[in-house]
S.K.: 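My questions will all concern the structure given below.
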Amino acid sequence: MIAIAGAKGGSGKTTTTLGLAAAFARSGVETLAVDADRQLPDLHVRAGVEREPTVAALDRETSWHSLAQEFPGTSGAHVLPGQKPTENVELDAALEWLNAGATEVLLDCPSGAGPDVVEAIALADGVVVVTTDSDQSLDAAATTIDIARRLDVPVAGAVFTHCSAVPEAFHARFEIPVLAVVPESESPLASDEARTEYERAAEELASLTATGPADRGPADSAATARELDDWVTPGGEDDSTAEPSADAEGLGDSSASPEAGTGPDRTGADERGDADTDGIQSGANDAQAGTGGAQAGTDGGSPRARHDGAASNGEAAPPDTVSGGRQAPPTGLTALDVDLSGLPPGSVAVVEAPPASQSEQLLYGLTATRGTLYVSTERTERTIRASLDAAPVTVGSPTVRYLTEDRLAETERLVGELPDGSNVVVDTMAPLERADRDDYREFLNGLKGRMLDTDSIAVLHCLSRPSVPENRATTEHVADAVISVEPTDDGADRITVPKFRAGGATPESVDSALVDDERTDEANRRRADAARPGGRPENTR
């Protein structure tokens with residue numbers, strides 16, 4: 001299984017996926033191209049096939065041959081479209097059920113460096129990095145290569161698109177082979193020159209031919225799962241069957257193993273009971289006693305001292321209106337620099353962002369400050385923990401709950417058991433926002449009341465998708481703060497605050513609610529560590 005990836009949007013990943021699929025098919029290798037992009041799946045559009053059936057239909061009893069469509073104009077290359085907005089897919093489980101046999105499986109990955117990319121790469125036997133010859137695209141390629149290496153997934157090589165030669169900067173920066181150089185063309189899939197390049201790449205990739213679960217056998221499949229667990233758990237210790245200790249459940253202790261106390265018996269709703277939030281209390285107590293906690297940095301709940309929020313390039317972002325008619329200050333910060341723990345206790349905040357942003361880093365950073373309940377509605381617990389371990393910000397070890405049924409009721413139950421001084425993250429809100437309007441309004445009011453009662457902070461992750469949930473406006477109305485994350489052309493994200501009614505909505509209160517000097521300095525140190533060859537941030541707090 002080969003992941004076709006590249007952090008920069010528009011670099012040609014989908015075209016490369018199809019070009020390689022056709023090249024493998026022409027060499028006599030049956031090929032399946034799978035759209036692994038949850039947010040903007042367009043493999044079916046580029047391939048000219050029907051929208052359904054999708055990857056969501058994969059299960060143990062269904063052969064992929066009955067679902068995939070043949071790529072027009074080829075014999076032996078097939079396409080499986082990505083999930084629809086109304087579908088919820090565990091990609092890792094779906095691909096485990098994919099009995100590919102001798103078939104070459106190509107994963108068309110999303111852009112960016114978010115958790116969906118991490119999940120797809122972690123499932124692959126190798127990664128092909130797609131890039132153009134621009135400096136921005138090469139920077140994005142470096143990000144993709146770094147993700148793959150942190151996951152111990154081999155980087156098979158690079159495919160250059162929209163150019164006729166490999167730039168000198170590439171050889172100076174990277175030590176990976178160039179598989180193909182695909183020139184600019186109006187129809188690259190029909191161009192003879194492009195076809196030749198894709199065939200050359202397919203020949204180079206022949207050694208990475210994927211084997212499906214049926215070929216591996218049960219023992220090898222289990223070994224593969226353990227390998228990912230070992231990467232997530234420092235020291236490679238397999239603790240899935242160990243009895244979790246009180247220290248391991250201390251979620252405010254970011255030095256604890258991210259996998260501690262997260263065995264299979266921790267995932268069932270009927271098995272959880274009161275144990276769900278025991279670890280949060282331990283982490284909350286630790287954080288309140290230390291300098292990393294949100295309350296330790298405040299005086300009677302007042303915001304922290306103001307941090308200089310000037311942009312690193314010296315340019316100020318345009319201001320946005322704060323609730324009450326004031327202007328929110330331009331933070332000039334990226335999602336890697338922002339610390340949400342300074343939000344006043346009792347707050348409910350919304351983080352709004354397009355899927356290709358780095359907004360998840362705001363959520364991950366929040367786990368380092370106090371005991372945190374992390375409610376996931378779209379990604380598995382394993383995926384969340386792998387993303388936390390790969391994050392370039394300081395993180396803790398939250399209690400993670402992956403909800404697939406009765407999400408609104410289950411989230412309400414978990415929040416109802418929340419101890420004092422905790423954090424709650426809901427990632428993402430869309431499945432909850434599709435609930436009955438009255439039920440959802442009651443849920444939000446109950447969430448706000450619980451935050452006030454426990455001096456806790458809730459952060460709700462709202463992704464900007466083509467289909468907006470009908471209750472999104474209600475989410476924004478009830479929230480005390482709306483934090484907007486917008487990607488920019490230089491690969492960074494710009495943070496603005498269009499709504500902030502806590503702390504008097506002054507520029508100082510907004511700035512201090514978002515930024516903490518110590519946390520920002522620590523994040524910068526970790527990013528510098530990660531940038532060094534072989535570097536991997538250590539969990540130091």
Side-chain angles (χ1 to χ4, degrees), residues 35-42 44 51-59 81-91 93-94 110 114-116 119 267-269 348-357 359-360 362-363 373-381 383-384 400-416 418 424-451 458-485 498-499:
D35 196 333
D37 192 338
R38 283 189 174 92
Q39 314 303 338
L40 297 171
D42 66 347
H44 62 287
R51 181 68 180 90
E52 297 179 293
T54 75
V55 67
L58 282 173
D59 58 37
Q83 70 182 70
K84 301 173 72 173
T86 56
E87 296 173 331
N88 184 39
V89 178
E90 295 182 46
L91 188 62
D116 288 350
E119 179 181 27
T267 58
V348 175
V350 166
V351 172
E352 290 185 336
S357 72
S359 57
E360 288 89 359
L362 276 70
L363 314 180
L373 168 66
Y374 198 115
V375 177
S376 173
T377 61
E378 295 188 343
R379 293 183 290 149
T380 63
E381 180 178 344
T383 301
I384 294 290
V400 180
R401 292 292 172 258
Y402 171 49
L403 307 182
T404 58
E405 297 180 359
D406 298 326
R407 296 183 180 94
L408 196 68
E410 269 298 287
T411 304
E412 188 172 25
R413 182 186 71 81
L414 291 168
V415 170
L418 199 71
V424 179
V425 173
V426 182
D427 178 21
T428 65
M429 285 297 292
L432 303 184
E433 290 173 320
R434 297 189 184 103
D436 174 79
R437 185 179 299 275
D438 291 338
D439 291 344
Y440 184 69
R441 186 183 297 110
E442 182 178 350
F443 162 78
L444 283 181
N445 285 321
L447 175 66
K448 173 62 179 176
R450 187 63 179 162
M451 296 303 100
V459 175
L460 314 179
H461 195 203
C462 296
L463 291 180
S464 306
R465 291 169 169 165
S467 177
V468 180
E470 61 178 14
N471 288 321
R472 175 60 53 82
T474 304
T475 306
E476 296 168 337
H477 177 68
V478 172
D480 301 298
V482 175
I483 300 156
S484 177
V485 181
K499 177 182 179 181

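Computed from a predicted model, the values in this text were never measured in an experiment. One-based numbering along the sequence shown.
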S.K.: Compare all side-chain heavy atoms of Leu444 with those of His477 and state whether any distance is below 4.5 angstrom.
M.R.: no
S.K.: Got a sec, which residues hit side-chain hydrogen bond (donor to acceptor under 3.5 Å, both in side chains) with Arg441, two or more places apart in sequence or on another chain?
M.R.: Asp438
S.K.: Partners of Glu476 by side-chain hydrogen bond (donor to acceptor under 3.5 Å, both in side chains), sequence neighbours excluded?
M.R.: none
S.K.: If we only count heavy atoms from C-beta on, is the Arg38 to Leu91 side-chain gap below 4.5 Å?
M.R.: yes
S.K.: Does a side-chain N-to-carboxylate-O contact under 4.0 Å join Arg465 and Glu433?
M.R.: no
S.K.: State, yes or no, whether a side-chain contact exists between Leu414 and Val375 at a heavy-atom distance under 4.5 Å.
M.R.: yes
S.K.: Could Arg407 and Glu410 be called an ion pair, given the rule that one side-chain N must be under 4.0 Å from one carboxylate O?
M.R.: no
S.K.: Above 12 or not: heavy atoms from other molecules or residues under 6.0 Å from CG of Asp406?
M.R.: no
S.K.: Does some side-chain heavy atom of Glu378 sit less than 4.5 Å from a side-chain heavy atom of Asp427?
M.R.: no
S.K.: Are Glu360 and Arg379 ion-paired here, with the side-chain N under 4.0 Å from a carboxylate O?
M.R.: no
S.K.: Inspect the surroundings of CD in Glu87 and state if more than 12 heavy atoms from other residues, nucleotides or ligands are less than 6.0 Å away.
M.R.: yes
S.K.: State, with a plain yes or no, whether a side-chain heavy atom of His461 is found less than 4.5 Å away from one of Ser359.
M.R.: yes
S.K.: Thr377 side chain to Thr428 main-chain N or O, any donor-acceptor pair under 3.5 Å?
M.R.: yes
